[in-house]
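Quick notes on the structure that follows.
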Amino acid sequence: YLRGFSERAADMKLVGKLIGHTAEVMQVCWNNGGMWITGSEDGTIRAWAQDERTYTCEQVVSTGDPVTAMCVDESGYIIAGVKDILKVYDVNLELVQVCKGHTDSIRAVICIPEFK
């Protein structure tokens with residue numbers, strides 16, 4: 001469920017539903033391209049487009065294992081913790097890089113913009 005922010009929980013209005021994952025959603029991120037990106041314990045990352053109050057899953061990629069952490073950088077690349085591996089996907093959800101070396105589940109990923 002997506003809810004509009006309010007300082008009072010009772011005022012957080014339902015703005016939409018993202019229906020499609022088959023297990024718990026662990027991460028929800030906003031992509032500057034105008035889409036919500038979700039990562040789930042079902043081992044998928046999904047990209048959601050909005051048309052008024054309706055959200056449609058536009059793309060699904062299988063990560064092979066549960067998504068434990070995720071962020072989207074300013075270029076639209078998705079960096080996902082998939083168990084103990086970092087996987088990087090481009091804006092088309094194509095896998096472009098795999099980083100191995102952690103010995104436990106990755107629980108947090110942040111994107112820090114480059115200083116120019």
Backbone N/O of Arg8 and side chain of Ser6: donor-acceptor pair under 3.5 Å: yes

message: Please find the pair of heavy atoms, one from Val91 and one from Ser75, that lie closest to each other, and give the distance.
response: CG1-O, 3.3 Å

query: Under 4.5 Å between any side-chain heavy atoms of Arg46 and Gln59, yes or no?
result: no

message: Using modelled atom types and a 3.5 Å cut-off, is there a donor and acceptor pairing between side-chain atoms of Asp42 and backbone atoms of Thr22?
response: yes

- request: Please tell me if the side chains of Cys71 and Ile110 come closer than 4.5 Å, counting only heavy atoms from C-beta onward.
  value: no

query: For the side chain to side chain contact (heavy atoms under 4.5 Å, CB included) test, which of Val72, Ile79, Ile78 pairs with Cys111?
result: Ile79

- prompt: When you look at Thr38 and Gln27, which way does the side-chain contact (heavy atoms from CB on, under 4.5 Å) test go after all the steps?
  reply: CA-CA 6 Å; Thr38 56; Gln27 300 290 316; over 6 Å; no

query: Is Trp48 close to Met35 at the side-chain level, that is, under 4.5 Å between some pair of heavy atoms?
result: no

Val25 with Val82, same ILVMFWY side-chain cluster at under 4.5 Å: no

message: Atom CG of residue position Leu14 - does it have more than 12 heavy atoms of other residues, nucleotides or ligands inside 6.0 Å?
response: yes

message: Using modelled atom types and a 3.5 Å cut-off, is there a donor and acceptor pairing between side-chain atoms of Arg107 and backbone atoms of Thr68?
response: no

Closest heavy-atom pair and its distance - Gly76, Asn31: O-ND2, 4.1 Å

task: Answer with yes or no whether the hydrophobic clustering places Phe5 together with Val28; edges join I, L, V, M, F, W, Y residues whose side-chain heavy atoms lie under 4.5 Å apart.
output: no

field: Minimum-distance pair of heavy atoms, taken over all atoms of Val109 and Gly81
entry: CG2-N, 4.2 Å

Interatomic distance, Lys87 atom NZ to Lys100 atom NZ [nearest 0.5 angstrom]: 8.0 Å

message: I need the single residue from Thr63, Val98, Ile106 that forms a side chain to side chain contact (heavy atoms under 4.5 Å, CB included) with Ile85. Which is it?
response: Val98

- request: May I ask you to decide if Tyr89's main-chain N or O and Gln97's side chain share a donor-acceptor pair within less than 3.5 Å?
  value: no

task: Enter the distance from Leu18:CG to Ser40:OG here, rounded to the nearest 0.5 Å.
output: 11.5 Å

Sidechain-backbone polar pair: Thr44 side chain, Val60 backbone, donor-acceptor under 3.5 Å: no

Which atom of Ala108 lies closest to which atom of Ala69, heavy atoms considered: N-CB, 3.6 Å

- request: I would like to know whether Val67 and Ile45 meet side-chain contact (heavy atoms from CB on, under 4.5 Å); could you show each step before the answer?
  value: CA-CA 8 Å; Val67 177; Ile45 295 172; 3.9 Å; yes

Backbone of Tyr77 reached by a side-chain donor or acceptor of Asp73 within 3.5 Å: yes

task: Taking all heavy atoms of Glu58 and all of Ala49, pick out the closest pair and write down the distance.
output: CG-CB, 3.4 Å

